[in-house]
Asks: 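I have a structure I would like to understand better, so I am pasting it below and will then ask my questions one at a time.
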Amino acid sequence: MAGPRIVRKVKALRAAVAGWRRRRARIALVPTMGALHLGHLSLVRLAGRRADRVVVSIFVNPAQFAPHEDFATYPRTWTTDIAKLAAAGTDLVFAPTVAEVYPEGFATRIAPEGPAQAGLEDRFRPHFFGGVATVVAKLLIEAMPDIAVFGEKDYQQLQVVKRLARDLDLPVKIVGGQTVREQDGLALSSRNVYLSPDERRRAPTLIRVLGESAKAIKAGEPIESVLARGRSAITAAGFALDYLEARHAETLKPIASAKDGPIRLLVAAKLGATRLIDNLGV
Ligand code: PAF
């Protein structure tokens with residue numbers, strides 16, 4: 001099987017996309033940081049069903065990591081990533097260097113508000129959405145895709161990107177791809193490799209609590225009592241809980257009662273040194 005074409009320069013990406021456009025091809029972009037697992041590949045396959053040409057970007061974006069976070073040690077698995085992308089159907093991989101994305105003198109940063117300031121991930125990673133919004137805006141402007149696919153696993157990020165595309169009038173449809181899970185329910189994540197065997201056994205607590213909480217809210221139990229029970233269960237399983245919240249599924253604003261929905265439940269917690277996030281619709 002022929003592998004995808006690999007380009008490292010914005011100019012080469014633009015030339016490839018322009019050629020496809022002349023032939024009226026519909027183009028999809030799947031932005032990633034590499035370390036690809038089945039969750040990413042399901043996004044690539046979704047992109048392939050919705051477009052004629054699929055571009056996958058691989059760029060570990062330093063702007064979205066705080067100094068104490070895992071930028072230096074973030075898993076980088078280039079050779080296997082390219083093999084997986086070839087099998088999943090990728091036409092082009094855009095893998096720029098840090099200097100290509102942030103050249104000498106780079107001085108512009110997008111400061112997203114709204115869902116980026118919902119008091120969820122932004123409370124624990126204040127630098128994160130500015131870095132994500134800046135790189136995603138650049139990628140969308142560079143590739144000018146018809147659609148761009150992002151995983152629902154990073155639910156707040158998905159809402160931030162949808163808002164960004166709308167607010168900047170970018171002519172792209174942002175599509176959310178469903179979270180892919182292990183058999184025991186754990187959401188696939190590049191960071192799952194950090195879990196010890198004992199932590200891995202306890203990790204599915206998050207999706208179990210989300211599922212039980214969604215069921216209880218649907219059955220009419222008051223949201224705050226459901227969340228209080230869920231928070232205790234997560235802490236009892238040995239996690240350090242950052243948040244378990246019920247929010248409006250689009251704006252991510254706090255929600256007091258089920259009638260103000262649609263509701264999305266969102267959780268983030270640390271197991272040892274590994275921070276896990278997950279979410280579920282009610
Ligand atoms: O979700 C990710 O992998 C990253 O945040 C993204 C969207 C590729 C931006 O760097």
Asks: Using the side-chain hydrogen bond (donor to acceptor under 3.5 Å, both in side chains) rule, collect all pairs that involve residues 160-170, keeping only residues at least two apart or in two chains.
Replies: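 Checked against side-chain hydrogen bond (donor to acceptor under 3.5 Å, both in side chains) - neighbours excluded - the pairs reaching residues 160-170 are Arg163-Asp167.
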Asks: Look up atom CG in Leu158 and atom CZ in Arg264, then write down how far apart they are to the nearest 0.5 Å.
Replies: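 Rounded to the nearest 0.5 Å, the CG-CZ separation comes to 8.5 Å.
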Asks: Could you tell me whether the side chain of Leu36 reaches within less than 4.5 Å of the side chain of Thr77, counting heavy atoms only?
Replies: no
Asks: Run the numbers on Arg181 and Ile207 for side chain to side chain contact (heavy atoms under 4.5 Å, CB included), then give the verdict.
Replies: CA-CA 10 Å; Arg181 299 181 179 280; Ile207 185 59; 3.5 Å; yes
Asks: Under the 6.0 Å and 45° cation-pi test, does Arg109 pair with Phe129?
Replies: no
Asks: Please evaluate residues Glu69 and Phe128 with respect to the criterion side chain to side chain contact (heavy atoms under 4.5 Å, CB included), reporting the C-alpha separation (whole Å), side-chain torsions for both, the decisive distance (0.1 Å), and the verdict.
Replies: CA-CA 11 Å; Glu69 289 182 338; Phe128 180 68; 5.7 Å; no
Asks: Could you see if Leu120 belongs to whatever hydrophobic cluster contains Leu227? Use Ile, Leu, Val, Met, Phe, Trp, Tyr and a side-chain cutoff under 4.5 Å.
Replies: no
Asks: Please lay out, stage by stage, how Arg125 and Asp242 fare under the test salt bridge (charged side-chain N to carboxylate O under 4.0 Å, His left out).
Replies: CA-CA 11 Å; Arg125 308 183 70 194; Asp242 282 349; over 6 Å; no
Asks: Would you sort out whether Glu121 and Arg275 count as a salt bridge (charged side-chain N to carboxylate O under 4.0 Å, His left out), showing the intermediate values?
Replies: CA-CA 11 Å; Glu121 284 306 285; Arg275 189 164 182 278; 2.7 Å; yes
Asks: Could you give the distance from CG (Leu188) to NE2 (His37), rounded to the nearest 0.5 Å?
Replies: 5.5 Å
Asks: Does the side chain of Leu92 reach to within under 4.5 Å of the side chain of Arg53, using non-hydrogen atoms?
Replies: no
Asks: Roughly how far, to the nearest 0.5 Å, is the CD1 atom of Ile263 from the CD1 atom of Ile255?
Replies: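 Result: 5.0 Å between the selected atoms.
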Asks: Taking Arg247 for the side chain and Ala118 for the main chain, is one N or O donor matched with an acceptor at less than 3.5 Å?
Replies: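 Confirmed, Arg247 side chain pairs with Ala118 backbone.
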Asks: Please indicate whether Lys270 has more than 12 foreign heavy atoms, meaning atoms of other residues, nucleotides or ligands, lying under 6.0 Å from its NZ.
Replies: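 At most 12 heavy atoms, drawn from other residues, nucleotides or ligands, come within 6.0 Å of this atom.
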Asks: Looking at CD1 of Ile217 and CD1 of Ile223, how far apart are the two atoms once the value is rounded to the nearest 0.5 Å?
Replies: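 One gets 5.0 Å once the value is rounded to the nearest 0.5 Å.
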Asks: When hydrophobic residues are tied together by side-chain contacts of less than 4.5 Å, even through go-betweens, does Leu280 share a cluster with Leu266?
Replies: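 No, Leu280 and Leu266 fall in different hydrophobic clusters.
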Asks: Before accepting this row, confirm whether a basic side-chain N of the pair Glu224/Arg229 lies closer than 4.0 Å to the acidic partner's carboxylate O.
Replies: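 Judged by the 4.0 Å cut-off on N to carboxylate O distance, Glu224 and Arg229 do not form a salt bridge.
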Asks: Considering non-hydrogen atoms only, spot the tightest contact between Ala87 and Arg45 and give its length.
Replies: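 In this case the closest contact between Ala87 and Arg45 is O-NH2, 4.3 Å.
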Asks: I'd like to know if Arg208 pairs up with Asp278 as an ion pair, taking the criterion as any Lys NZ or Arg NE/NH1/NH2 lying under 4.0 Å from an Asp or Glu carboxylate oxygen.
Replies: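 The answer is no: the pair does not qualify as a salt bridge.
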Asks: Distance from Thr205 atom OG1 to Phe239 atom CZ, nearest 0.5 Å?
Replies: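 The distance works out to 4.5 Å.
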Asks: Determine, stepwise, if the pair Tyr155 / Ile277 fulfils side chain to side chain contact (heavy atoms under 4.5 Å, CB included).
Replies: CA-CA 9 Å; Tyr155 193 81; Ile277 61 172; over 6 Å; no
Asks: Got a donor-acceptor contact below 3.5 angstrom from the His248 side chain to the Lys253 backbone?
Replies: no
Asks: Search all heavy atoms of Pro75 against all heavy atoms of Val193 and return the closest pair with its distance.
Replies: CG-CG2, 4.5 Å
Asks: Determine whether Val149 and Leu29 make a side-chain contact, defined as any pair of heavy atoms from C-beta on separated by less than 4.5 Å.
Replies: no
Asks: Do Phe94 and Ile174 sit in one hydrophobic cluster, given that two such residues count as connected whenever their side-chain heavy atoms are within less than 4.5 Å of each other, even indirectly?
Replies: yes
Asks: Can you see whether Gln156 engages Asn279 through a side-chain donor-acceptor pair at a distance of less than 3.5 angstrom?
Replies: no
Asks: Decide yes or no on salt bridge (charged side-chain N to carboxylate O under 4.0 Å, His left out) for Lys138 and Glu100, but give the supporting numbers first.
Replies: CA-CA 11 Å; Lys138 280 180 66 97; Glu100 178 72 1; over 6 Å; no
Asks: Check the orientation of Tyr243 and Phe124. Use parallel for under 30°, tilted for 30 to 60°, and perpendicular for over 60°.
Replies: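 Tilted: the ring planes of Tyr243 and Phe124 meet at 30° to 60°.
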Asks: Going by side chain to side chain contact (heavy atoms under 4.5 Å, CB included), Thr134 matches just one of Ile110, Leu164, Leu139. Which one?
Replies: Ile110
Asks: Are any of the side-chain heavy atoms of Val98 and Pro62 separated by less than 4.5 Å?
Replies: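 Yes, close enough: below the 4.5 Å cut-off.
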Asks: Pair Asp52, Arg26 - check salt bridge (charged side-chain N to carboxylate O under 4.0 Å, His left out), show working.
Replies: CA-CA 5 Å; Asp52 307 306; Arg26 192 172 154 78; over 6 Å; no
Asks: Please check if atom CD in Gln178 has more than 12 non-hydrogen atoms from other residues, nucleotides or ligands closer than 6.0 Å.
Replies: no
Asks: Check whether any side-chain heavy atom of Lys173 lies under 4.5 Å from a side-chain heavy atom of Asp146, and answer yes or no.
Replies: no
Asks: Any idea which heavy atoms bring Arg5 and Ala16 closest together, and the distance?
Replies: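 So the minimum-distance heavy-atom pair works out to NH1-CB, 3.7 Å.
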Asks: Consider only side-chain heavy atoms of I, L, V, M, F, W and Y, link residues closer than 4.5 Å, and tell whether Met33 and Val161 are in one cluster.
Replies: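 Hydrophobic grouping puts Met33 apart from Val161.
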Asks: Do you know the tightest heavy-atom contact between Phe71 and Arg76?
Replies: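 Minimum heavy-atom separation between Phe71 and Arg76: O-NH1, 2.9 Å.
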Asks: If you round to the nearest 0.5 Å, how far is CD1 of Ile147 from CG of Leu46?
Replies: 6.5 Å
Asks: Can you check whether Thr90 reaches Ile82 side chain to side chain, under 4.5 Å on heavy atoms?
Replies: no
Asks: When clusters are formed by joining ILVMFWY residues with side-chain heavy atoms under 4.5 Å apart, either directly or through shared neighbours, do Val135 and Val30 land in the same one?
Replies: no
Asks: Identify the two heavy atoms, one from Ala35 and one from Asp81, that lie closest to each other, and give their separation to 0.1 Å.
Replies: N-OD2, 3.0 Å
Asks: Can you see which heavy atom on Ala214 is nearest to which on Val282, and at what distance?
Replies: O-CG1, 3.9 Å
Asks: Is Phe150 close to Val175 at the side-chain level, that is, under 4.5 Å between some pair of heavy atoms?
Replies: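 Not touching, per the 4.5 Å side-chain cut-off.
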Asks: With the side chain counted from C-beta on, respond yes when Ile27 and Arg21 share a heavy-atom pair under 4.5 Å apart, and no when they do not.
Replies: yes
Asks: Can you find a side-chain donor-acceptor pair between Tyr102 and Asn61 that sits under 3.5 Å?
Replies: yes
Asks: Evaluate the criterion side chain to side chain contact (heavy atoms under 4.5 Å, CB included) for residue pair Leu265 and Val209; output intermediate values, then yes/no.
Replies: CA-CA 10 Å; Leu265 298 172; Val209 167; over 6 Å; no
